[in-house]
Amino acid sequence: MPLSVRAPAELTPHRAQWPVWDQEHFWHAFTQMAEYEPLIIERAQGVWLEDTAGRRYLDGVSSLWCNLHGHGHPRINAAIADQLAKLAHATSLGMSNPPAIELARRLALLAPGDLNHVFYASDGSAAVEVALKTAFQYWRQCRRPRPAKSKFLAFGAAYHGDTLGSAAVGGIDRFHALFAPLLFDVVRLPSPDRRRAPREAAPEEVARLHLAELQHALEQHHAELAAVVIEPLVQGAAGMVMQPPGYLRGVRELTRRYDVLLIADEIVTGFGRTGDLFACDREQVVPDLLCLGKSLSGGYLPMAATLSTPEIYGAFLGSYQEGKMLHNGHTFGGNPLGAAASLASLDLLRDERIVEQQVPRKAARLAEALAPLADHPWVADIRQLGLLAGIELAADPAAGRPFDPALRTGWRVCRRATRNGVFLRPLGDVIVVMPPLSIRDEEIDLLGSVLGAALAAESAAG
Ligand SMILES: *Cc1c(COP(=O)(O)O)cnc(C)c1O
């Protein structure tokens, strides 16, 4: 029956119908719909989400790693409302708008080094696609073109998004293996993972070994490599896997030496979560291309960006006939509402000294709140950088024996925590803890105690 002839009442949202319609019509991301139990968030304030029944949940994963300042922040809300009164959207194809201009300027000033040119998209995956296409096209039209440089080097268990190009550089079998026939070939190296090294190995030694491996791969492949793609310091979706200090810096030095571009995917790490504004800052690294997303708008609106150096940008300049423009564009790139939210979020980061003062203090509090979990027999590892943490569970941590994935241990612990008022979503058997940077001390403590109780109850239940 066409919608137009249905009775209006049937189309009017009715609270009691939401769970039914949610299951019937709303196909959720990375969710087995046959087992999906509707959890419908109607409103939120600060770190608290509220469902349709009025139950409250601490947003322990920042609404999938993007919320920075809590929900309903008056300054971000006002920025969006003010902009809405002026302009909701205009294209960025041959046209501009004030908030997107100001945001480009602010990002150029804040980003490491001379990443001065900002290309906008709506999602992180698209920002990565832009970086890949920019790197590829760069080698075709830079001063001394080297079109053979058309491949990418990426790391095991990397995650760069779900579109086919970004999935090609990703390396998580659970997400990517099925689509292998559709994905282009990459040169793949194991991720620099402290867990894979012998326990007694010093972090510097782990970094050295992985850098030697990278050097070997670059020696072999540099003539065909456009770029190395990396999540600096932390591989998020891999399970908050942390790199040893010095590694990122080494990657930058080697990519320079072998004339291979470096693409830094800071879609998770950008904007303060790790304790630095950008993860690259910690190791004084300036990549050739920098991808931003998730927290760019404070997590309020879809907004992503790919920043380039003048060297790269310059290779795309020329007369129209030369065809050197970047052959890519997204309908909502540079959206003024998203840009206004982003500017407000950057104002808050600056005015409330969030990166300089709040994150270090709250990170120490979070470490204290999570420390008691280390005594639990299932806890194999607690990894934390700033306000981003992963708690890895295993059946026998001492023997390095993981849980059978079919048991869905991580998911069961998170479900129990959610029922007790702390929303968490795991990555396999790694519990991700990534609250908004605005979380208060007593909320950090609550998060730790609810998670500890969920773990204890789940292990007692067998
Ligand atoms: C989430 C994520 C992406 C993809 O961003 P979307 O907005 O979900 O497309 C890319 N890279 C990293 C490191 C991410 O965590």
For [X] against [Y], the heavy-atom pair lying closest together:
X	Y	value
L373	G452	CD2-CA, 3.3 Å
L424	V432	CD2-O, 3.5 Å
N67	G70	OD1-N, 2.7 Å
S63	H71	OG-CE1, 3.2 Å
V355	P360	O-CD, 3.3 Å
W27	M33	CD1-CG, 3.7 Å

*asked:* Does the plane of the ring in F332 sit parallel, tilted or perpendicular to the ring in H89? Use 30° and 60° as the thresholds.
replied: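 F332 vs H89 ring planes: tilted.
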Can you tell me how the ring of F152 sits relative to the ring of F184, calling it parallel under 30°, perpendicular over 60° and tilted otherwise?
tilted
Check whether any side-chain heavy atom of [X] lies under 4.5 Å from a side-chain heavy atom of [Y], and answer yes or no.
X	Y	result
L289	I312	yes
Q235	I172	no
V186	V229	no
R252	D288	yes
H330	V130	yes
N77	Y300	yes
Y120	L103	yes
P19	I40	yes

Tell me every residue that passes side-chain contact (heavy atoms from CB on, under 4.5 Å) with P245, counting only those two or more places apart in sequence or in another chain.
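Residues passing side-chain contact (heavy atoms from CB on, under 4.5 Å) with P245: R194, P203, E283.
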For the pair [X] (side chain) and [Y] (backbone), establish whether a donor and an acceptor sit closer than 3.5 Å, ignoring hydrogens and angles.
X	Y	answer
T306	C291	no
S459	L455	yes
D51	R55	yes
R440	V47	no
Q384	A363	yes
N97	G334	yes
R425	L64	no
K362	L437	yes
Q83	L87	yes
Q23	Y36	yes

- Kindly determine whether D22 and H28 satisfy side chain to side chain donor-acceptor pair (under 3.5 Å), including the steps that lead there. CA-CA 9 Å; D22 187 21; H28 291 263; 2.7 Å; yes
So does Y313 have more than 12 non-hydrogen atoms from other groups sitting under 6.0 Å from OH? no
Checklist entry - Do other residues, nucleotides or ligands put more than 12 heavy atoms under 6.0 Å from the CZ atom of F179? => result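 Atom CZ in F179 is not packed in, count stays at 12 or less.
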Flag the pair D429 and R412 as a salt bridge only when some basic side-chain nitrogen lies within less than 4.0 angstrom of an acidic carboxylate oxygen.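 So D429 does not pair with R412 through a salt bridge.
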### Message
I'd like to know if D347 pairs up with R106 as an ion pair, taking the criterion as any Lys NZ or Arg NE/NH1/NH2 lying under 4.0 Å from an Asp or Glu carboxylate oxygen.
### Response
yes
Trace of the side chain to side chain contact (heavy atoms under 4.5 Å, CB included) decision for V251 with V285
CA-CA 9 Å; V251 171; V285 158; over 6 Å; no
Could you state the interatomic distance from [atom1] ([X]) to [atom2] ([Y]), rounded to the nearest 0.5 Å?
X	Y	atom1	atom2	result
I230	L214	CD1	CG	8.0 Å
T52	I41	OG1	CD1	8.0 Å
I391	L451	CD1	CG	5.0 Å
L337	I80	CG	CD1	7.0 Å
T418	L39	OG1	CG	7.5 Å
L393	I431	CG	CD1	4.5 Å

Any side-chain donor near an acceptor of the partner, Q137 and K133, under 3.5 Å: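 Per modelled atom types, Q137 and K133 side chains form no pair under 3.5 Å.
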Practice task
Output, in order, the C-alpha distance, side-chain angles, deciding distance and verdict of side chain to side chain contact (heavy atoms under 4.5 Å, CB included) for L248 and R282.
Solution key: CA-CA 9 Å; L248 180 63; R282 173 150 317 189; over 6 Å; no
| said: Suppose the criterion is ring pair (Phe, Tyr, Trp, His ring centres under 6.0 Å): which pairs have a residue in residues 270-295, not counting sequence neighbours? | reply: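 Listed once each, the pairs are F271-F278.
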Start with the C-alpha distance between M434 and V268, add both sets of side-chain angles, then the distance that settles side chain to side chain contact (heavy atoms under 4.5 Å, CB included), and finish with yes or no. CA-CA 10 Å; M434 210 194 283; V268 173; 4.0 Å; yes
Please step through side chain to side chain contact (heavy atoms under 4.5 Å, CB included) for the pair L349 and L346, ending with a clear verdict. CA-CA 5 Å; L349 283 171; L346 292 176; 4.1 Å; yes
